[in-house]
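As structure tokens, the structure follows; a few thoughts come after it.
Everything numeric in this text was worked out from a predicted model, so none of it was measured. One-based numbering, in listed order, for ligands and for the atoms of each. Here, residue 1 is the first one in the sequence, and each next residue gets the next number.
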Amino acid sequence: MRNKFVVGNWKLNGSLRANAELLAVLGQRIAAKDAKTCAVCVPAPYLAQVRELLVGKPIAWGGQDASRYEKGAYTGEIAAAMLAELDCRFCIVGHSERRALFGESDEVVAEKLGRVKSAGLVPIACVGETLAEREAGHTEQVVGRQLEAITAMHGAEALRGVVFAYEPVWAIGTGKTASPEQAQAVHRFLRGKLAEVDAGLAAQLPILYGGSVKAANAAELFAMPDIDGGLVGGASLVADEFVGIWSAL
Ligand code: PGA
């Protein structure tokens, strides 16, 4: 059986005070469950605070991005090893906002994934198509290409220990969730692509869905056979919503 995950992606949100309030509630209401992981991926300046507030609680934490470089003269970058020092378990790589707004190519995402793995973190590797790509019938081609860039750079072995997230760009922050059937179809396709590389591994790799996941729609999404949890943006900032999503897992 595959592990299941609910991961919050706070994006560019938070303040010391708001984080403390949110995490106080999550700390009280999120109880450990077997083979299920709850985590929050927070802006890097808050990692030390989040670590202090969550240590010993059944909620892990992580970064939202890491440099493609290991170290050196790269002003503004954050190394995967620095995230590891702050006891991050996860780091998101290849979020569609990074790809679209910060020009990250499939190759840059693959480089970052390599750094994150080398630092001992679990990459949450995001793939997903835009609305135009979906309407043109290119969904499988796009997510397939995004996936292949990883194995092309690092080989099949790189897939081990990765958590994937399918996040249709048209469903992120728009309130338009992919229907459980639409999401399941892409998850199934992705698992098939992974199985072409390593069938045994493909059966074990978690694939999360992201894009307007809420307490109200989480259960029907998580009920799909190839959906192993959610990567949650906006709703991860609202304690009741996030707890509700965790309860649906
Ligand atoms: P959303 O974001 O839940 O606000 O749609 C999801 C994500 O971008 O990870």
request  = With L22 as reference, evaluate L26, N19, V25 under the side chain to side chain contact (heavy atoms under 4.5 Å, CB included) test and give the passing residue.
outcome  = L26
ask   = Is a salt bridge present between R145 and E148, judged by a nitrogen-to-oxygen distance below 4.0 Å?
value = no
inquiry  = Any non-hydrogen side-chain atom of F242 less than 4.5 Å from a side-chain atom of C38?
reply    = yes
task = Check each protein residue for a heavy atom under 4.0 Å from ligand 1 and list those that pass, ordered by chain and number.
result = N9, K11, H95, E167, A171, I172, G173, G211, S212, L231, V232, G233, G234
Could you go through residues 122-135 and list every donor-acceptor pair under 3.5 Å that involves a side-chain atom there, pairing it with any protein atom two or more places apart or in another chain?
residue	atom	partner	partner atom	Å
E129	OE1	Y166	OH	2.9
E129	OE2	R134	NE	2.7
E129	OE2	R134	NH2	3.2
E129	OE2	Y166	OH	3.0
E129	OE2	W170	NE1	2.9
T130	OG1	E133	N	3.1
T130	OG1	E133	OE1	3.2
E133	OE1	T130	N	2.8
R134	NH2	Y166	OH	3.3

query = Is it the case that Q146 and D106 place a side-chain donor and acceptor less than 3.5 Å from each other?
reply =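 Distance-only check fails for Q146 and D106.
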ask   = Is the Lys NZ or Arg CZ of K36 less than 6.0 Å from the centre of W246's six-membered ring, within 45° of the axis?
value =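 No.
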